[in-house]
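Take a look at the structure below.
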Amino acid sequence: MDETQIISVSLDSSAVIAFIGYLVLIVGVGIYASRFSSRGISEYFIGGRKMNRFVVALSAVVSGRSAWLLLGVTGMAYARGPSAIWAVLGYIIVEIFLFLYYGRRLRNFTEKRNCITIPDFFAERFSDHDGKLRMTIVAIFLIFMIGYISSQFVAGGKAFASGFGIETGSGILLTAVIVLVYTIVGGFLAVSLTDMFQAIFMMLSLVILPVVAILNFGGLTEMINTLLSMDAIYVDPFAISVGAAIGFLGIGLGSPGNPHILARYMSIDDPKQFKYVAVVGTTWNVLMAWGAVFVGLAGRVYFPEVEMLPASDTENLFPMLAQLHLHPILFGVVLASIFAAIMSTADSQLLVAASSVVRDLYEKIIKKGVEVPQAKLVLYSRVVVFAIVVLALIFGFYAEDLVFWLVLFAWAGLGAA
Amino acid sequence: MISFYLIMFVLPVLTILFTLYLAAQNPRKNG
């Protein structure tokens, strides 16, 4: 069989329909959520602390997992074998402790002191009367968040380009417009609800794809034997230096400092439900992470040489393997899951960035001591969301190198902050 | 080989069981 036939992306119309169905769903959720989110700034930015525990669990997990999990970790497992598991184990463990020991404290404290944002929380926690601490945190957030959002748009553009054959620039714009539409009208509720659907898409594709691919290959034993005959590292989870393993596990330390993840904890309706959130969130994290590593392992037996992947890029493995093994409708779901990963991260970051401008800069510093009507604050929030999208697009189009460096430091920078 | 099965199949189950165990601990300490 001609290899190029396997690896060229050809889209079936049912895959396109499944993908469009997914887009309609998330935009519909945005419109559905718009009335609730327009009530006030607390509703717009943290869902009025009325979020259901299942929504919070999935939203918290999926906001922290960008396309890195679907494309990066699968590619890493393809290249290095099961030792890629150390890159995901760190954040899973850190998040268990965040759910169980930090979430409830943060939720209770922020409700008692009426905090809506993380800078709000720090300002209250450390009695920041002159606003210097708040300003510093807001500045750090904005720099990294805009870079982060920009990188998600660029990733979306590239995914559109490889998945649908449209130009990267148009893909970037399209990603930005979709995220903008449901975030601007639906606020936090829309972002959380779409996150929930996106988490379901991501989990399904990361579980179904490796199972189908491994079964098609002749089963697990057959796959392991083939991997073993290629190189022992493909079945050795410890084929990694101690330093690299510690570095990988250290990725998890970024989780507690990323405000778009922490905002999820503040939004839950009943703080006693964090035990449930921990169990559901961790189960989701585990299924997605191990699924991603299995995708990489299965990919290795189907594409023994990296040259068999488009552009010899391991990040193309996930969509390639899906196209090879799944029904076109399911392939559409897999494509949707890549966008889901990108959008679920971008939308949460977008809201957090906007909240620090409207709540922290405008309401708490510029208009300190003045009562600003809620309707006005919500309107300003929507304007700021729009402005941040425009800024992120400018960064994405004209300063891609800068964005790369910002993102490289963002996870760690925000974690440290 | 055994390490492959342990890490790829036993560790994920243990991670979830560990979470269940912690969640079942004294609830007052969880907050």
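To find a chain, count down the sequence lines: A is the first, B the second, and so on, and within it residues start at 1. The model shown is predicted, which means the values in this text are computed figures rather than measured ones. All values below come from the heavy atoms of this structure, side chains included, with hydrogens, waters and symmetry mates left out.
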Quiz item: For A:Phe109, which residues count as a ring pair (Phe, Tyr, Trp, His ring centres under 6.0 Å) partner, sequence neighbours excluded?
Solution: A:Phe121
Quiz item: Of all the residues in residues 72-85 of chain A, which have a heavy atom that comes within less than 4.5 Å of a heavy atom in chain B?
Solution: A:Pro82, A:Ile85
Quiz item: How about A:Asp120 and A:Thr110: does a side-chain donor come under 3.5 Å of a side-chain acceptor?
Solution: no
Self-check item: Heavy-atom contact with chain B under 4.5 Å, split by part of A:Trp284
Solution: neither
Practice problem: Establish, yes or no, whether the cationic atom of A:Arg104 lies under 6.0 Å from the six-membered ring centre of A:Phe274 and within 45° of the ring axis. | Solution: no
Quiz prompt | Heavy-atom neighbours of B:Leu17 CG exceed 12 at 6.0 Å | solution = yes
Side chains of residues 231-245 of chain A: which donor-acceptor partners sit under 3.5 Å, not counting sequence neighbours?
| unit_1 | atom_1 | unit_2 | atom_2 | d |
| --- | --- | --- | --- | --- |
| A:Asp231 | OD1 | A:Ile233 | N | 3.1 |
| A:Tyr234 | OH | A:Arg300 | NE | 3.4 |
| A:Tyr234 | OH | A:Arg300 | NH2 | 3.2 |
| A:Asp236 | OD1 | A:Phe238 | N | 2.9 |
| A:Ser241 | OG | A:Ala244 | N | 3.1 |

Self-check item: Close approach to chain B in residues 199-220 of chain A, criterion heavy atom under 4.5 Å
Solution: A:Leu220
Quiz item: Looking at A:Tyr265 versus A:Phe99, is the centre-to-centre ring distance below 6.0 Å?
Solution: yes
Quiz item: A:Leu106 and A:Leu262: which non-hydrogen atoms are nearest, and at how many Å?
Solution: CD2-O, 3.7 Å
Practice problem: Please confirm whether the backbone N or O of A:Ala57 pairs with a side-chain atom of A:Arg264, one donor and one acceptor, at under 3.5 Å? | Solution: no
Quiz prompt | Proximal component of B:Leu6, with respect to chain A [non-hydrogen, under 4.5 Å] | solution = neither
Quiz prompt | Side chain, backbone, both or neither of A:Val279 within contact of chain B (heavy atoms, under 4.5 Å) | solution = both
Quiz item: Any idea which heavy atoms bring A:Leu69 and A:Ala289 closest together, and the distance?
Solution: CD1-CA, 4.2 Å
Quiz item: Would you say the side-chain atoms of A:Ser344 pair up with the backbone N or O of A:Ala341, donor to acceptor, closer than 3.5 Å?
Solution: yes
Quiz prompt | Pairing of A:Lys112 and A:Glu124 as salt bridge, 4.0 angstrom limit | solution = no
Quiz item: So which of A:Asn285, A:Ile224, A:Thr283, A:Ile92 has the biggest tally of heavy-atom pairs under 4.5 Å with chain B?
Solution: A:Ile224
Quiz item: In terms of heavy-atom proximity below 4.5 Å to chain B, should A:Phe97 be classed as side chain, backbone, both, or neither?
Solution: side chain
Quiz item: Any donor and acceptor pair, going by atom type alone, linking the side chain of A:Ser337 with main-chain N or O of A:Val334 inside 3.5 Å?
Solution: yes
